[in-house]
Amino acid sequence: MAQKNILQYLILGLLNQSPKTGYDLKRVFEDDIGEFWQAQHSQIYPELKRLEQADRITHVELIAGTKLKKKQYSITADGIAFFDEWRYSPTSEIIASKDEFILKLYFIDSKNDAHLDAMFTEQKTLHQAKLDHLLDRRQTLFSQQAAVDAHYGHYLILEHVINREQDYLNWLTTARP
């Protein structure tokens with residue numbers, strides 16, 4: 001089965017919220033969407049070009065400072081229709097997550113493997129740091145009910161990833177105390 005190009009929909013959805021530069025999009029991936037979906041600079045800019053060639057987005061050039069030009073992208077009516085078609089279509093499959101730690105565990109043969117304790121300790125540290133970051137984000141972004149109401153989907157995703165990290169930490173602690 002061919003893999004669906006989810007990045008195009010993410011970019012369209014972000015531009016549907018407000019016009020953004022490529023750098024703005026990169027920052028959103030780092031700060032918000034990165035909690036559940038990753039995209040690199042090297043993926044974002046070529047996708048912007050493809051979306052513009054397909055007339056789903058357009059851009060204007062802005063001058064920053066004295067001569068720095070940057071492109072600010074906006075979604076077109078065709079882009080909104082394309083995005084909405086995806087947004088409201090059924091999600092009929094579950095995509096496996098790519099967790100390198102889990103993949104490495106698959107190849108461990110013995111519960112007495114000398115590397116397991118270090119592997120689990122590292123993961124506990126990483127996931128605790130991630131959970132702490134998520135809890136801080138929730139406090140920063142959604143300490144007021146009005147913010148929850150205004151950005152309910154984002155709030156739900158943040159709650160989901162907080163629960164995921166708490167469950168992962170619980171599993172790590174239970175599997176290898």
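Numbering of residues begins at 1 and proceeds along the displayed sequence.
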**Q** Show your reasoning for whether side-chain contact (heavy atoms from CB on, under 4.5 Å) applies to Asp99 and Tyr168.
**A** CA-CA 12 Å; Asp99 184 333; Tyr168 205 113; 2.6 Å; yes
**Q** Using 30° and 60° as the class boundaries, would you call the ring planes of Tyr9 and Phe82 parallel, tilted or perpendicular?
**A** parallel
**Q** Which label fits His154 and Phe142: parallel for a plane angle under 30°, tilted from 30 to 60°, or perpendicular past 60°?
**A** perpendicular
**Q** Within a 6.0 Å radius of atom CD on Glu61, are there more than 12 heavy atoms belonging to other residues, nucleotides or ligands?
**A** yes
**Q** Is there a continuous path of hydrophobic side-chain contacts, each under 4.5 Å between heavy atoms, that joins Tyr155 to Leu10?
**A** yes
**Q** So for atom CD, which belongs to Glu85, do other residues, nucleotides or ligands contribute more than 12 heavy atoms lying within a distance under 6.0 Å?
**A** no
**Q** How would you list, by chain and number, every residue that makes a ring-ring contact (aromatic ring centres under 6.0 Å, His included) with Phe83, sequence neighbours excluded?
**A** Trp86
**Q** What residues, two or more places apart in sequence or in another chain, satisfy side-chain contact (heavy atoms from CB on, under 4.5 Å) together with Gln17?
**A** Leu14, Lys20
**Q** Taking OH in Tyr23 as the centre, count heavy atoms belonging to other residues, nucleotides or ligands within less than 6.0 Å. Is the count above 12?
**A** no
**Q** Looking at Glu159, is its backbone amide N or carbonyl O close enough to the side chain of Asn163 to form a donor-acceptor pair, meaning the two atoms are under 3.5 Å apart?
**A** yes
**Q** For Leu141 versus Ala147, what's the shortest heavy-atom pair and its separation?
**A** O-CB, 3.2 Å
**Q** For Asp84, enumerate each residue passing the side-chain contact (heavy atoms from CB on, under 4.5 Å) test, keeping only those at least two apart in sequence or located in another chain.
**A** Ile80, Arg87, Tyr88
**Q** Atom NZ in Lys70, atom CD1 in Ile63: separation rounded to 0.5 Å?
**A** 10.5 Å
**Q** Is the backbone of Leu7 close enough, under 3.5 Å, to the side chain of Gln43 for a donor and an acceptor to pair up by distance?
**A** no
**Q** Under a 3.5 Å distance rule, please check whether Asp24 uses its side chain to pair with a backbone N or O of Thr21 as donor and acceptor.
**A** yes
**Q** Are Phe120 and Leu126 connected into the same hydrophobic cluster when the rule is that any two of I, L, V, M, F, W, Y join if their side-chain heavy atoms are below 4.5 Å apart?
**A** no
